[in-house]
Amino acid sequence: MEVASAKIVNRDEITGAALSMFAGDDSVEIPESYIRTEEVLADEVVGKDEAYELPVVDMAKLLDPDSSAMETEKLGSACRHWGFFQLTNHGVDEAVAQLIKDTTVEFFSLPLDIKNRVSVLGKGAGLEGYGHHYSRGRGEKLDWAEGLILITQPVQERNMKLWPDNPPTFRDALATYSVEMTKLAKRLLGFMAADIGDEQGELVEAFTDKRQSMAMHHYPPCRHPDKVMGITPHTDGLGLTLLLHVDDTPGLQIKKDGRWFPVRPLPGAILINIGDILDIMTNGAYKSVEHRVIPDAERGRTTVVFVQEAMVGGMVTPLPGLLKEQEPRYKSIDLDEYIKCNFKALSEGTRFADSLRI
């Protein structure tokens with residue numbers, strides 16, 4: 001998920017016809033603009049009969065002096081080999097998490113005309129607001145989803161015209177949960193810093209007081225899940241992503257060794273994944289990996305995703321402290337230029353971070 005606009009990637013408004021189709025109206029044929037069968041079936045999906053488990057990291061064990069070293073090693077292994085892990089005992093207030101879940105469900109249940117009061121503002125106006133996920137330009141394929149993207153931190157960058165006032169709990173619920181995500185990210189980054197040998201605290205500092213953005217996504221069920229995508233395969237271009245499952249519907253798939261591994265949501269866990277900037281900052285130690293969403297045939301899937309941005313002195317660069325004993329594996333680039341180039345690459349279906357490799 002990205003928020004800053006380079007006026008290249010677009011978000012389309014949700015129309016009444018799209019919402020009728022999402023509602024499962026059998027009289028509505030899936031338009032060609034959504035059909036992506038070849039992409040969906042391009043690579044093998046690991047079957048239910050094959051045993052595997054996405055790494056699980058326990059925050060309580062990270063915080064316990066008796067188990068912290070072993071759990072930190074487990075955290076590092078997950079970041080190096082999977083780029084994703086499920087975080088349990090994360091310490092986020094249960095009432096705060098439940099309120100954002102309930103509020104998200106209530107928002108997506110509203111009539112379209114109410115949701116469209118905070119719809120995307122159009123080409124060149126930024127990517128915040130309610131609408132589809134990203135498309136690469138007029139006439140490109142659309143995602144099987146509706147979503148709301150907002151900047152949440154720093155407070156002065158919030159566009160309150162796009163923060164829904166219906167449901168009435170929305171603004172307070174999001175603001176409170178945003179603070180919880182900031183705290184959780186800082187705790188996690190401290191252990192990541194210990195794992196990579198960042199003795200100067202550069203990693204935590206790189207994320208401190210930087211931009212945070214949020215995306216709520218609802219993926220309606222699709223009677224032909226082999227034909228559509230909820231989100232196009234991509235890596236997250238920013239720093240650290242924290243995803244809350246509102247329900248237990250599967251759909252997210254992670255690409256590893258050329259195959260797609262479906263994620264089985266763990267009750268109560270928050271899903272964490274490494275973004276491209278964190279990959280670069282760790283000098284390639286942590287991996288930002290490709291992932292996508294395939295809608296479920298019978299059940300809708302709803303998520304609340306927070307993304308933390310990062311930079312070192314305005315630059316996207318390997319942490320200077322790490323380069324005292326390592327050769328840089330990535331070139332450094334100004335953050336604003338990075339975001340602009342990242343959006344251009346996204347519009348072309350490529351990954352900009354790859355072009356920075358040395």
Side-chain angles (χ1 to χ4, degrees), residues 1-3 5 7-41 103-150 159 161-167 170 214-234 246-247 249-252 292-305 346-347 349:
M1 185 194 74
E2 319 290 352
V3 171
S5 175
K7 301 184 180 180
I8 297 173
V9 178
N10 301 300
R11 293 185 66 213
D12 291 72
E13 289 188 50
I14 302 288
T15 64
L19 219 57
S20 295
M21 181 178 61
F22 290 163
D25 187 339
D26 289 336
S27 66
V28 179
E29 291 293 324
I30 299 177
E32 185 62 32
S33 57
Y34 288 87
I35 294 178
R36 307 165 72 174
T37 306
E38 290 186 9
E39 290 180 70
V40 174
L41 302 179
T103 299
T104 302
V105 171
E106 195 173 346
F107 173 76
F108 285 123
S109 299
L110 292 170
L112 179 61
D113 63 325
I114 295 178
K115 290 185 285 192
N116 270 337
R117 291 175 186 172
V118 293
S119 67
V120 290
L121 298 176
K123 188 174 181 180
L127 298 177
E128 289 187 271
Y130 169 73
H132 282 285
H133 205 254
Y134 308 117
S135 61
R136 296 171 184 168
R138 193 171 299 279
E140 290 291 333
K141 298 294 185 178
L142 295 171
D143 52 293
W144 191 270
E146 53 179 330
L148 175 66
I149 296 178
L150 296 169
N159 183 351
K161 293 180 180 179
L162 294 176
W163 281 52
D165 55 16
N166 191 354
F170 188 98
M214 180 283 308
M216 294 174 173
H217 294 306
H218 174 237
Y219 306 92
C222 180
R223 62 189 185 278
H224 300 293
D226 59 328
K227 292 184 177 180
V228 302
M229 281 193 186
I231 288 184
T232 301
H234 68 287
V246 175
D247 47 57
T249 305
L252 179 65
R292 68 180 186 177
V293 173
I294 302 296
D296 190 80
E298 299 178 357
R299 296 182 293 162
R301 175 177 182 261
T302 304
T303 59
V304 181
V305 184
L346 184 63
S347 74

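As a basis for the values below, the full set of heavy atoms in this structure was taken, side chains included, without hydrogen atoms, waters or symmetry mates.
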A.B. asks: Holding to side chain to side chain donor-acceptor pair (under 3.5 Å), I want the full list of residues that pass it with T103, two or more places apart in sequence or in another chain.
C.D. replies: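 So T103 forms a side chain to side chain donor-acceptor pair (under 3.5 Å) with T169.
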A.B. asks: Do you know which two heavy atoms are closest between H234 and T232, and how far apart they sit?
C.D. replies: ND1-O, 2.8 Å
A.B. asks: Which atom pair, heavy atoms only, marks the closest approach of I30 to C222?
C.D. replies: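 In terms of heavy atoms, the two residues are closest at CD1-SG, 4.0 Å.
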A.B. asks: Taking only residues two or more places apart in sequence, or in another chain, which ones meet R117 in a salt bridge (charged side-chain N to carboxylate O under 4.0 Å, His left out)?
C.D. replies: none
A.B. asks: Between K141 and E32, is the salt bridge (Lys or Arg N to Asp or Glu O under 4.0 Å) condition met? List the steps.
C.D. replies: CA-CA 8 Å; K141 298 294 185 178; E32 185 62 32; 3.3 Å; yes
A.B. asks: Sequence neighbours excluded, which residues qualify as side-chain contact (heavy atoms from CB on, under 4.5 Å) partners of N159?
C.D. replies: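 E128, K161, L162.
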A.B. asks: What is the minimum heavy-atom distance between V105 and S109, and which atoms define it?
C.D. replies: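 For V105 and S109, the tightest heavy-atom pair comes out as O-OG, 2.8 Å.
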A.B. asks: Could you report the tightest heavy-atom contact between N166 and F107, atom names first, then the distance?
C.D. replies: O-CD1, 3.8 Å
A.B. asks: Would T302 and M216 count as a side-chain contact (heavy atoms from CB on, under 4.5 Å) if you check the C-alpha gap in whole Å, the side-chain angles of each, and the deciding distance to 0.1 Å?
C.D. replies: CA-CA 7 Å; T302 304; M216 294 174 173; over 6 Å; no
A.B. asks: Can you measure from CG (L112) to CD (E146) and round to the nearest 0.5 angstrom?
C.D. replies: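 Those atoms lie 8.5 Å apart.
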A.B. asks: Can you give me the closest heavy-atom contact between P220 and A145, atom names plus distance?
C.D. replies: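 Heavy atoms of P220 and A145 come nearest at CD-CA, 4.1 Å.
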A.B. asks: Identify, with sequence neighbours excluded, every residue that meets side chain to side chain donor-acceptor pair (under 3.5 Å) alongside E38.
C.D. replies: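 Per chain and number, E38 pairs via side chain to side chain donor-acceptor pair (under 3.5 Å) with no residue.
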A.B. asks: State the CG-CG distance between L150 and L148, to the nearest 0.5 angstrom.
C.D. replies: 4.0 Å
A.B. asks: I want to check something: taking the side chain as every heavy atom from C-beta on, are R292 and E39 in contact at a cut-off of under 4.5 Å?
C.D. replies: no
A.B. asks: Grab the two heavy atoms, one from P225 and one from P295, that are nearest each other, plus how far apart they are.
C.D. replies: CB-O, 3.3 Å
A.B. asks: Check ring-ring contact (aromatic ring centres under 6.0 Å, His included) between Y34 and all other residues, then give those that pass, not counting sequence neighbours.
C.D. replies: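 Applying ring-ring contact (aromatic ring centres under 6.0 Å, His included) to Y34 gives H132, W144.
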A.B. asks: Once you round to the nearest 0.5 Å, how far does CZ of F170 lie from CG of D165?
C.D. replies: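 One finds 10.5 Å between CZ of F170 and CG of D165.
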A.B. asks: Keeping R301 on the side-chain end and Y219 on the backbone end, is there a donor-acceptor pair under 3.5 Å?
C.D. replies: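 No; zero donor-acceptor contacts below 3.5 Å.
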A.B. asks: Ignoring hydrogens and geometry, is there a side-chain-to-backbone donor-acceptor pair from R36 to D143 under 3.5 Å?
C.D. replies: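 Pair absent, no side-chain N/O of R36 close to backbone of D143.
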A.B. asks: Taking only residues two or more places apart in sequence, or in another chain, which ones meet K227 in a salt bridge (charged side-chain N to carboxylate O under 4.0 Å, His left out)?
C.D. replies: none
A.B. asks: T249: what forms a side chain to side chain donor-acceptor pair (under 3.5 Å) with it, not counting sequence neighbours?
C.D. replies: D247
